[in-house]
**Q** 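Quick one: structure below, then a few questions.
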2 protein chains.
Amino acid sequence: MSVDATVTPESWDEQLRESGLRVTAGRRAALEFLDDHPHSSAADILAGLSDDIPSISAQSVHNIVHDLTRHELVRRIDLPDSGSARYETRTHDNHHHVQCVVCGRIEDVDCVVGHAPCLTPDDVHGMTVLTAEITFRGVCPECEPTLRDRDPQY
Amino acid sequence: MSVDATVTPESWDEQLRESGLRVTAGRRAALEFLDDHPHSSAADILAGLSDDIPSISAQSVHNIVHDLTRHELVRRIDLPDSGSARYETRTHDNHHHVQCVVCGRIEDVDCVVGHAPCLTPDDVHGMTVLTAEITFRGVCPECEPTLRDRDPQY
DNA sequence: CTCGTAGTTTTGAGTTCATCAAAATATTGG
DNA sequence: CCAATATTTTGATGAACTCAAAACTACGAG
């Protein structure tokens, strides 16, 4: 499967250059793939890029997402029961996520209250809060019947 | 190092039995240790229990925290840059966490707004939301000087 | 346009965290 | 105290990610 070309490919090149990163086929392809497939794991990215770039290696993908994360071109997400870290291209809009506890499916949720970091807790033990990441956990429509079979109380 | 005995040890036994779990030395010790050392990793627990229970193995610790998590006697936390999953005994009060992005230190934060799940997002893609977990990320007082040295903009 | 340098990718090995399976052991109801 | 079964232990296995050095490539200088 190849990536959708409707997203202007040049914009990634510009963003890479603006971050002081060199433009390589792997980085461009990873950004395009993540834009089309948000919440992908490193393994997902490797599988998605292997057709276009047969030489790509798992380590390269790890290097790429690591570098892109450090320069905030992608955002890394760590969730329970997901096996591995996920990545997405939406980096500066302070959105959040819903995760189905049954199938693990992840979807975006727009900022809940006001502006980033969205919430102002009382006692943060003297820490300077930079961001607030919210993960809603629940059950998606497709999984509710499954859950009801196992646990009629729901 | 041994655990603090001010927390009634019997209460853990009761909670284990109420959950249909057998009372074993490992489970009791793990609960006591986690109560004194919240946000511990499996490795932390293993190290903390080895003095009292020399025969304990890493696999036993994984079994224990897995079983206790399933029965909601402990809660598992997955955070970025923490290396491994963390566990804590506060399970039913819907509290949240602050994490220092420099040293990784984790502290508790009490529920921010109203009742659990604290927040009601607009579009959750049809999912039934059960919980909302908030992770604040920031810099703790001890690390701010360090950060200023590296990045004078802060 | 060519070359050189420094940033990237690749190759290969290694580490950590966690899971699976089966044998040994311990808990608890009877 | 015994038996049934849950739990721990032992050992093997796997997945995700990191580390290090060699091969390669982007891109600016000349």
Side-chain angles (χ1 to χ4, degrees), chain A residues 9-10 12-31 33 39-50 52-71 73-74 76-87 104, chain B residues 9-10 12-31 33 39-50 52-71 73-74 76-87 104:
Chain A
E10 290 80 20
W12 298 125
D13 295 23
E14 292 167 20
Q15 292 196 47
L16 285 168
R17 265 187 270 266
E18 284 167 15
S19 303
L21 293 170
R22 291 189 177 174
V23 177
T24 68
R27 287 177 176 163
R28 184 162 40 209
L31 285 166
F33 181 83
H39 318 132
S40 293
S41 67
D44 295 334
I45 298 170
L46 176 62
L49 267 55
S50 291
D52 288 326
I53 310 175
S55 71
I56 195 125
S57 64
Q59 285 70 9
S60 295
V61 173
H62 279 116
N63 290 340
I64 288 170
V65 292
H66 181 261
D67 293 338
L68 296 181
T69 301
R70 284 208 72 72
H71 290 270
L73 290 185
V74 308
R76 176 185 167 135
I77 320 164
D78 290 74
L79 299 178
D81 306 322
S82 66
S84 58
R86 305 303 171 117
Y87 301 89
Chain B
E10 290 78 20
W12 298 126
D13 294 24
E14 292 167 20
Q15 291 195 48
L16 284 169
R17 264 186 271 267
E18 283 167 15
S19 304
L21 293 170
R22 290 186 179 177
V23 178
T24 68
R27 285 176 178 165
R28 184 164 39 210
L31 285 166
F33 181 83
H39 319 131
S40 293
S41 66
D44 295 333
I45 299 170
L46 176 63
L49 268 55
S50 291
D52 290 326
I53 311 172
S55 71
I56 195 128
S57 63
Q59 284 71 10
S60 294
V61 173
H62 279 116
N63 290 340
I64 289 171
V65 293
H66 181 260
D67 293 339
L68 296 181
T69 302
R70 285 208 71 71
H71 291 270
L73 290 186
V74 308
R76 177 185 166 135
I77 320 164
D78 290 75
L79 299 179
D81 305 322
S82 65
S84 58
R86 306 302 172 118
Y87 301 89

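Note that this is a predicted model, so its numbers are computed, not measured.
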**Q** On the nucleotide C:dT9, are OP1 or OP2 found under 4.0 Å from the side-chain N or O atoms that A:Thr24 carries?
**A**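 Indeed, a polar side-chain atom of A:Thr24 lies that close.
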**Q** Can you tell me if the side-chain N/O atoms of A:Arg17 get under 4.0 Å from OP1 or OP2 in D:dC27?
**A**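 For A:Arg17, the contact criterion (side-chain N or O under 4.0 Å from OP1 or OP2 of D:dC27) is met.
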**Q** What are the two closest non-hydrogen atoms of B:Arg22 and B:Arg27, and how far apart are they?
**A**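 Closest approach of B:Arg22 to B:Arg27, heavy atoms only: O-NH1, 3.0 Å.
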**Q** Output the rounded distance in Å from CD (B:Gln59) to C1' (D:dG11).
**A**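 Taking CD of B:Gln59 and C1' of D:dG11, I get 8 Å after rounding.
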**Q** For the side chain of B:Arg27, counting heavy atoms from C-beta on, which of D:dC27, C:dT19, D:dT7 is nearest?
**A**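 That would be D:dT7.
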**Q** For A:Ile53 and C:dT10, what is the distance between atoms CD1 and P respectively, to the nearest whole Å?
**A**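 Nearest whole value for this atom pair: 8 Å.
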**Q** Measure the distance from CG on B:Asp67 to C1' on D:dT5 and round it to the nearest whole Å.
**A**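 Answer to the nearest Å: 14 Å.
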**Q** Expressed as a whole number of angstroms, how long is the span from B:His71:NE2 to D:dT7:C1'?
**A**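 So the NE2-C1' distance, B:His71 to D:dT7, works out to 12 Å.
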**Q** I need the minimum non-hydrogen distance between A:Phe33 and A:Ser40, along with the two atoms involved.
**A**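 Answer, listing the atom of A:Phe33 first, then A:Ser40: CE2-OG, 3.5 Å.
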**Q** To the nearest angstrom, how far is A:Arg70 atom CZ from C:dG7 atom P?
**A**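 Going from CZ in A:Arg70 over to P in C:dG7 covers 15 Å.
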**Q** Quantified as the angle between the terminal helix axes (five pairs each), what is the overall bend of the helix from C:dC1-D:dG30 to C:dG30-D:dC1 to 10 degrees?
**A**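 For the helix from C:dC1-D:dG30 to C:dG30-D:dC1, the axes at opposite ends meet at about 40°.
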**Q** Which is true for A:Ala85 with a 4.0 Å heavy-atom rule: it touches a base, it touches only sugar-phosphate, or it touches nothing?
**A**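 Here A:Ala85 touches the backbone only, sparing every base.
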**Q** Quick one: salt bridge (charged side-chain N to carboxylate O under 4.0 Å, His left out) partners of B:Arg76, sequence neighbours excluded?
**A**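 By the salt bridge (charged side-chain N to carboxylate O under 4.0 Å, His left out) rule, B:Arg76 matches B:Asp78.
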**Q** If you take all heavy atoms of A:Asp13 and A:Arg28, which pair is closest and at what distance?
**A**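 Nearest pair, atom of A:Asp13 first, then A:Arg28: OD2-NH1, 2.6 Å.
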**Q** For a quick check of understanding: with a heavy-atom distance under 4.0 Å over all strands, which category does A:Gly26 fall into, base, sugar-phosphate or nothing?
**A**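 The answer is nothing, as A:Gly26 stays clear of every strand by at least 4.0 Å.
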**Q** Assess whether side-chain contact (heavy atoms from CB on, under 4.5 Å) is satisfied between A:Leu16 and A:Leu68, documenting all intermediate values.
**A** CA-CA 8 Å; A:Leu16 285 168; A:Leu68 296 181; 3.6 Å; yes
**Q** Whole angstrom is fine here: how far is it from CD1 in B:Ile64 over to P in C:dA26?
**A**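 Between P of C:dA26 and CD1 of B:Ile64: 14 Å.
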**Q** Compare the minimum distances between each of D:dT9, C:dA18, C:dT28 and the side chain of B:Val23, then state the nucleotide with the smallest one.
**A**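 The nucleotide sitting nearest to the side chain is C:dT28.
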**Q** Calculate the interatomic distance between B:Asp13 atom CG and C:dA26 atom C1'; express it in whole Å.
**A**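 Rounded to whole Å, this separation is 15 Å.
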**Q** Passes side-chain contact (heavy atoms from CB on, under 4.5 Å), B:Ile64 versus B:Ile45? Steps please.
**A** CA-CA 10 Å; B:Ile64 289 171; B:Ile45 299 170; over 6 Å; no
**Q** For B:Arg76 and for A:Asn63, locate the closest nucleotide of DNA chain C by heavy-atom distance; then report the residue assigned to the nucleotide nearer the 5' terminus.
**A**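 Looking at the nearest nucleotide for each, A:Asn63 comes out on the 5' side.
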**Q** Side-chain N or O of B:Ser55 versus OP1/OP2 of D:dT9: is the shortest distance under 4.0 Å?
**A**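 Checking B:Ser55 against D:dT9: at least one side-chain N or O falls below 4.0 Å of OP1 or OP2.
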**Q** Answer with yes or no whether the side chains of B:Asp44 and B:Ser41 bring together a donor and an acceptor at under 3.5 Å.
**A**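 Yes, because at least one side-chain N or O of B:Ser41 sits under 3.5 Å from a partner of the opposite role on B:Asp44.
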**Q** A:Ser41 near the nucleic acid: base, sugar-phosphate alone, or nothing, with a heavy-atom cut-off under 4.0 Å?
**A**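 If one applies the 4.0 Å heavy-atom cut-off, A:Ser41 turns out to touch nothing in the nucleic acid.
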**Q** Quick check on C:dA6: is either OP1 or OP2 less than 4.0 Å from any side-chain nitrogen or oxygen of A:Arg22?
**A**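 Looking at the OP1 and OP2 atoms of C:dA6, neither is under 4.0 Å from any side-chain N or O of A:Arg22.
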**Q** Nearest-Å distance, CG (B:Leu21) to P (D:dT7)?
**A**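 My rounded result for the distance is 6 Å.
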**Q** Looking at every heavy atom in both A:Ile56 and A:Leu46, which two are closest together, and how far apart are they?
**A**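 Nearest heavy atoms, A:Ile56 then A:Leu46: CG2-CD1, 3.7 Å.
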**Q** With a non-hydrogen cut-off below 4.0 angstrom, is B:Ser57 in contact with a base, only sugar-phosphate, or nothing?
**A**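 Here B:Ser57 touches the bases of the nucleic acid.
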**Q** Which residue lies toward the 5' end of DNA chain C, B:Ala25 or B:His62, if each is placed at its nearest nucleotide?
**A**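 Nearest nucleotide further toward 5': that of B:His62.
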